[in-house]
Amino acid sequence: MEPHRYRLITREDEIAPLVERLRVAAVIGIDTETTGLDPFQSRLRLLQLALPGEVAIIDCFELTREQLRPLAPLMAAPRPIKVAHNAKFDGKFLRHHLGMVLDGVFDTYLASLLLSAGSETDRHGLEPVVARYLNRSIDKQAQRSDWSGSLTPAQLEYAASDAAILLPLYDVLHEWLGKADLLVTADIEFDCLRAVIGLELNGVHLDVERWRGLIASMRSEQAGVEAELQAALSGAARQFTLFGDPEPINLDSPAQVRDALVHLGIEVDDTREWRLQRLAPDHPIVATLLRHRHLSKNLSAFGDNILEMINPVTGRLHPEYRQIGSPTGRMTSSSPSLQQIPHTTEYRSCFRAPAGCQLIVADYSQIEMRILADFSRDEALLGAFDRGADLHRQTAADMFGLPLDQITQRQREYAKGLNYGLIYGMGAEGLASRLDASVAEATSLIERYFAAYPRVASWLEEAAQRAVDEGKARTASGRLWIFRLDPHDPQQLAALRRVGKNAPIQGTASDIFKRAIRLLEESLQRFNAGQDARIVNAIHDELVVEAATPIAAEVEQLVAQTMIASAREFLTRVEVEVDVVTTDAWLKGK
DNA sequence: TAGAATCGCCAC
DNA sequence: AAACGTGGCGATTCTA
């Protein structure tokens with residue numbers, strides 16, 4: 001690639017003229033080089049700003065936060081558009097080290113993800129994206145060089161070219177997004193970047209002592225369970241120690257556990273939970289085994305490892321978010337995944353508001369069923385939400401033609417199974433197993449359900465057929481998922497029909513949620529000036545906000561109103577409900 | 001011996 | 001009893 005014209009900026013008097021040139025630009029490329037990946041433990045070295053034909057490279061070791069402040073309004077404004085590849089990374093460093101909010105972004109990484117529409121094989125680093133959309137090759141080797149010392153011409157050339165390439169990349173990706181009707185979805189994604197940057201920087205507070213106590217009590221119970229199981233199962237062992245004692249089996253090995261059970265006369269093909277559940281009533285040892293599994297799982301997945309992830313600088317957990325974590329648009333979090341902390345009081349109560357703060361925990365009530373009602377226009381299902389009654393009880397009443405107060409617990413369970421199952425494309429066999437009923441019973445229940453909600457039936461069928469015919473699905477915002485499933489293969493056809501039903505619903509829930517995050521970030525801005533309210537967790541349909549106690553009540557109202565306002569942008573027929581509580585810990589009726 | 005594949009299970 | 005969608009992740013087992 002041809003060398004880029006760049007200017008290394010190390011003096012304060014160079015900032016104002018630079019700001020003037022940037023201010024009149026429609027679009028600028030932006031990139032950073034840092035001494036590491038964690039903004040709390042590494043430094044921001046370079047900030048590159050690309051204009052057509054020119055790249056300014058700011059040496060952040062030479063200039064103070066105060067001296068760079070004139071750049072801040074540009075970074076936060078809608079214009080110029082800041083083009084970055086994975087702006088979340090740059091945005092975290094800008095926010096933490098320079099106090100700048102990054103907004104008004106076009107993210108080429110997110111754009112590439114949207115355009116690939118769920119392809120698992122596409123890569124989305126800058127190098128493959130440039131290759132795919134500009135048909136050019138770039139060299140990323142200098143990325144991992146040492147950015148903390150004196151800079152070589154090669155490093156500066158790399159820094160400049162990485163920022164410069166973003167401008168032509170923007171042109172091409174913008175055009176492709178337009179052609180694919182993805183500009184609305186792209187704006188949803190770009191708009192919530194600022195909040196996702198906040199989510200990662202804010203992190204969550206974990207009560208370490210409480211967590212340690214939880215681990216300790218589980219470990220001691222596990223020791224007892226383990227001894228009991230070894231005594232019972234080792235008789236089945238084929239291995240013996242040098243002293244003739246039975247070799248203990250590895251209870252974490254499904255194969256060894258299966259063999260041991262078979263030796264005890266308990267015939268099993270595998271040892272998955274549902275299968276062991278079936279055996280537990282007749283075999284106390286299996287129940288104990290299940291308890292061991294549970295403890296073992298929790299201790300390994302939610303034990304000391306979580307404590308090790310606490311950031312030494314902030315003392316908090318800072319998960320990484322993949323903003324487009326699935327083709328439906330759902331976010332995922334990792335290191336740790338706060339989205340899979342067990343939903344029990346002992347775990348959730350460890351996630352607490354720090355002193356002087358409260359947690360506002362808010363989630364959408366039945367959001368996916370409401371989306372289904374809105375999409376299908378089914379009068380009875382819409383009516384169920386209008387009446388505001390317990391949905392599953394209402395569904396049972398609709399199915400069985402009974403008044404609400406005559407619905408039995410079992411009938412409500414049936415209705416609940418259907419409400420949850422059908423949006424996932426469940427069939428009669430699946431429902432039968434879930435409800436512990438016969439396939440005939442399940443079939444008849446589904447018939448009753450669809451008789452009560454006929455437009456739901458037709459919408460689901462049309463969605464399945466559309467997936468088969470077109471090989472793709474879209475959400476309310478236009479988010480696209482192109483299915484890589486072969487409709488000529490019976491198994492893949494069935495999977496295609498299931499995902500065809502679910503994708504528009506789950507994906508629209510993502511649209512609504514992400515829009516809500518954006519709106520809430522904006523609403524909280526006036527509090528954020530004082531660092532008094534911040535979003536600290538986001539789990540598919542639930543938001544957790546940490547707020548200073550004096551403003552918590554006001555923030556609670558804001559959170560609920562904002563989430564409702566977002567849903568209204570996408571749903572026309574159905575009202576959504578938000579359950580919200582203000583508490584000390586991450587607890588609520590959900 | 002490192003990485004892939006598999007089993008299994010946590011969340012919404 | 002692989003057929004209920006989306007994910008992350010840990011332990012074991014397989015494989016190059």
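Proteins get letters first, then strands, A, B, ... in listed order; numbering begins at 1 in each.
- No side-chain donor-acceptor contact under 3.5 Å links A:E368 and A:Q506.
- Listed nucleotides B:dG8, B:dA11, C:dT6 differ in distance to A:S326; the shortest reach to its side chain belongs to C:dT6.
- The A:N250 side chain lies nearest to C:dT12 when the options are C:dG10, C:dT12, B:dC12.
- When rounded to the nearest whole Å, the span between NZ of A:K297 and C1' of B:dA11 equals 10 Å.
- You'll find that the side chain of A:Q340 is closest to C:dC9, out of C:dG5, C:dC9, B:dC7.
- Taking for each of A:E429 and A:Q339 the nucleotide of DNA chain C with the nearest heavy atom, the 5'-most of the two is the partner of A:E429.
- Taking the six-membered ring where tryptophan is involved, the planes of A:F375 and A:W459 are tilted, since the angle between them lies from 30° to 60°.
- Using cut-offs of 30° and 60° for the angle between ring planes, the A:Y420 and A:H392 rings count as tilted.
- The CZ atom of A:R348 sits 7 Å away from the P atom of B:dA11 (whole-angstrom rounding).
- The CZ-P distance, from A:R258 to C:dT13, rounds to 10 Å in whole Å.
- Note: CG (A:L251) to C1' (B:dC7) measures 16 Å, nearest angstrom.
- Proximity note for A:S335 (side chain, C-beta onward) versus C:dG5, C:dG7, C:dC9: the nearest is C:dC9.
- A donor-acceptor contact closer than 3.5 angstrom is absent between the side chains of A:S566 and A:E569.
- Of the candidate nucleotides B:dC12, B:dC10, C:dG5, C:dG5 has the atom lying nearest to any side-chain atom of A:V499.
- Here the nucleotide nearest the side chain of A:R322, chosen from C:dG5, C:dG8, C:dA11, is C:dG8.
- Using a 4.5 Å heavy-atom threshold, the side chains of A:R497 and A:Q465 count as touching.
- Within the nucleic acid shown, A:D269 has no heavy atom closer than 4.0 Å to any nucleic acid atom.
- Closest contact between the side chain of A:R293 and the listed nucleotides C:dG5, B:dC9, C:dG10 involves B:dC9.
- Contact between the side-chain N/O atoms of A:T328 and the OP1/OP2 oxygens of C:dT6 is not found at any separation under 4.0 Å.
- Salt bridge status for A:R448 with A:D398: absent, with no side-chain N to carboxylate O gap under 4.0 Å.
- Rounded to whole Å, the distance from CG on A:L460 to C1' on C:dG5 is 12 Å.
- Summarising the geometry, the separation between CD1 on A:I423 and P on C:dA3 is reported as 19 Å, rounded to the nearest angstrom.
- Taking atom OH of A:Y347 as the reference point, atom P of B:dC10 lies 10 Å away to the nearest angstrom.
- A:S458 and A:E461 share no donor-acceptor pair across their side chains, judged by distance under 3.5 Å alone.
- At a threshold of 4.0 angstrom between heavy atoms, the contacts of A:G430 are confined to the sugar-phosphate backbone, with no base atom among them.
- Contacts of residues 365-373 of chain A with DNA chain B (heavy atom under 4.0 Å): none.
- Within a heavy-atom distance below 4.0 Å of DNA chain B, the residues of residues 270-287 of chain A found are A:D270, A:T271, A:R272, A:E273.
- For the 3.5 Å distance criterion, the side chains of A:N86 and A:D107 fail to qualify, holding no donor opposite an acceptor.
- Checking B:dC7, B:dC12, C:dT6 against the side-chain heavy atoms of A:Q506 singles out C:dT6 as nearest.
- Counting to the nearest Å, the P atom of C:dG8 and the CD1 atom of A:I306 are 15 Å from each other.
- Neither OP1 nor OP2 of B:dG8 sits under 4.0 Å from any side-chain N or O of A:H294.
- Nearest nucleotide to the side chain of A:S337, out of C:dG8, C:dA3, B:dC10: C:dG8.
- The side-chain contact (heavy atoms from CB on, under 4.5 Å) check on A:E447 picks up A:T443, with sequence neighbours excluded.
- Under 4.0 angstrom from either OP1 or OP2 of B:dC12 there lies at least one side-chain N or O belonging to A:H343.
- At the heavy-atom level, A:S433 lies under 4.0 Å from base atoms of the strands shown.
- One finds a side-chain N or O of A:R498 lying less than 4.0 angstrom from the OP1 or OP2 phosphate oxygen of C:dG5.
- When the side-chain nitrogen and oxygen atoms of A:S253 are compared with OP1 and OP2 of C:dT13, one or more of them lie within a distance under 4.0 Å.
- Rounded to whole Å, the P atom of C:dA3 lies 23 Å from the corresponding atom of B:dA5.
- Side-chain polar atoms of A:H318 and A:T314 form a donor-acceptor pair below 3.5 angstrom.
- Here the nucleotide nearest the side chain of A:D252, chosen from C:dT12, B:dC10, C:dG5, is C:dT12.
- Other residues, nucleotides and ligands contribute only 12 or fewer heavy atoms inside 6.0 Å of the CZ atom of A:R123.
- As judged by a 4.0 angstrom heavy-atom cut-off over every strand, A:L338 is placed among residues making no nucleic acid contact.
- In this model, the phosphate group of C:dG10 is approached by a side-chain N or O of A:N305 to a distance below 4.0 Å at OP1 or OP2.
- Electrostatic pairing of A:R479 and A:D511 counts as a salt bridge here, judged by a charged N lying under 4.0 Å from a carboxylate O.
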